[in-house]
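Take a look at the structure set out below.
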Amino acid sequence: QVQLVESGGGLVQAGGSLRLSCAASGSFFGINVMGWYRQPPGKQRELVASITSGGSTNYADSVKGRFTISRDNAKNTVYLQMNSLKPEDTAVYYCNAKIVGMLHYWGQGTQVTVSS
């Protein structure tokens, strides 16, 4: 069984910063890709950023230059540093991990609210 536990969400004013963390635990050999998705109120879930085990990153256009994804392979943990936050970044943020030889797993979600 694989578990993803997220932390770091909260309420912040526009222009502020937050850092999300997601730690994977359980029995597995490794993690191929880790990523962050978000689901704004009344909208579909969308990819925010992803990172491979080798460190290659991919970002949604809406967050490029403001968000930075990173990971610690030894700790099976992925981070999302969010700077210059905007009200439109308000959403539930979900961690995702593609486990080697297994399926994708999701975290429980963490709320990020940006006030104007």
Side-chain angles (χ1 to χ4, degrees):
Q1 191 71 10
V2 177
Q3 284 190 319
L4 301 180
V5 179
E6 300 140 339
S7 60
L11 173 65
V12 65
Q13 289 188 331
S17 298
L18 283 174
R19 188 189 193 213
L20 306 182
S21 300
C22 172
S25 62
S27 179
F28 51 86
F29 290 109
I31 306 175
N32 292 127
V33 182
M34 302 189 81
W36 289 95
Y37 289 71
R38 67 186 180 187
Q39 187 164 15
K43 297 185 179 180
Q44 291 187 334
R45 193 173 298 188
E46 61 183 10
L47 174 67
V48 176
S50 63
I51 184 168
T52 68
S53 57
S56 296
T57 58
N58 180 48
Y59 294 93
D61 288 342
S62 59
V63 307
K64 284 180 180 177
R66 300 188 297 121
F67 292 10
T68 302
I69 190 170
S70 60
R71 66 189 280 179
D72 185 331
N73 291 330
K75 295 181 178 179
N76 293 316
T77 299
V78 64
Y79 307 94
L80 186 68
Q81 178 66 43
M82 303 185 294
N83 298 329
S84 301
L85 282 161
K86 304 175 181 180
E88 50 263 45
D89 294 318
T90 295
V92 178
Y93 283 70
Y94 296 91
C95 174
N96 178 275
K98 172 60 177 72
I99 307 298
V100 174
M102 301 172 71
L103 302 174
H104 284 267
Y105 286 84
W106 292 91
Q108 79 283 0
T110 184
Q111 178 69 46
V112 171
T113 302
V114 184
S115 62
S116 57

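Note that these values count all heavy atoms, side chains included, but never hydrogens, waters or copies made by symmetry. This structure is a prediction, so every number in the text was calculated from the model and none was measured.
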Query raised in the report: Taking it one step at a time, do V78 and C95 satisfy side chain to side chain contact (heavy atoms under 4.5 Å, CB included)?
Result: CA-CA 8 Å; V78 64; C95 174; 3.8 Å; yes
Report task. Side-chain contact test, heavy atoms from C-beta onward, threshold under 4.5 Å: evaluate it for Y59 versus T68 and give yes or no. Result -> yes
Query raised in the report: Any side-chain heavy atom of L47 sitting closer than 4.5 Å to one from N58?
Result: yes
Report task. For R66, enumerate each residue passing the salt bridge (Lys or Arg N to Asp or Glu O under 4.0 Å) test, keeping only those at least two apart in sequence or located in another chain. Result ->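 Scan of R66 (salt bridge (Lys or Arg N to Asp or Glu O under 4.0 Å), adjacent residues dropped) gives D89.
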Query raised in the report: Between the side chains of N83 and S17, does any donor sit under 3.5 Å from an acceptor?
Result: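 Distance-only check passes for N83 and S17.
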Closest heavy-atom pair and its distance - [X], [Y]:
X: M82; Y: V112; answer: CE-CG2, 3.9 Å
X: L80; Y: A49; answer: CD1-CB, 4.3 Å
X: N73; Y: S53; answer: ND2-O, 3.1 Å
X: L4; Y: C22; answer: CB-SG, 3.9 Å
X: T110; Y: E6; answer: N-OE1, 3.8 Å
X: Y79; Y: S21; answer: CD2-OG, 3.3 Å

In the single-linkage hydrophobic clustering (I, L, V, M, F, W, Y; side-chain heavy atoms under 4.5 Å), do [X] and [Y] co-cluster?
X: F28; Y: M34; result: yes
X: V2; Y: Y37; result: no
X: I99; Y: I69; result: yes
X: V92; Y: W106; result: yes

When rounded to the nearest 0.5 angstrom, what distance separates [atom1] in [X] from [atom2] in [Y]?
X: M102; Y: I31; atom1: CE; atom2: CD1; value: 10.5 Å
X: N76; Y: R71; atom1: CG; atom2: CZ; value: 8.0 Å
X: K98; Y: T52; atom1: NZ; atom2: OG1; value: 13.5 Å
X: W36; Y: S50; atom1: CH2; atom2: OG; value: 13.0 Å
X: Y93; Y: Q39; atom1: OH; atom2: CD; value: 12.0 Å
X: K86; Y: S116; atom1: NZ; atom2: OG; value: 14.0 Å

Requested in this report: Could you check L20, V48, L18 and say which one makes a side-chain contact (heavy atoms from CB on, under 4.5 Å) with F67?
Outcome: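 Checked L20, V48, L18 against F67; only one passes side-chain contact (heavy atoms from CB on, under 4.5 Å): V48.
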Report task. Return yes if some donor-acceptor pair links the side-chain N/O of T113 with the main-chain N/O of T90 below 3.5 Å, else return no. Result -> no
Query raised in the report: If you count the non-hydrogen atoms of other residues, nucleotides and ligands that lie under 6.0 Å from CD in E46, is the total more than 12?
Result: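 Yes, enclosed.
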Query raised in the report: Restricting to pairs with a member in residues 54-65, which pass salt bridge (Lys or Arg N to Asp or Glu O under 4.0 Å), not counting sequence neighbours?
Result: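 Every salt bridge (Lys or Arg N to Asp or Glu O under 4.0 Å) pair that includes a residue of residues 54-65, provided the two are not neighbours, is D61-K64.
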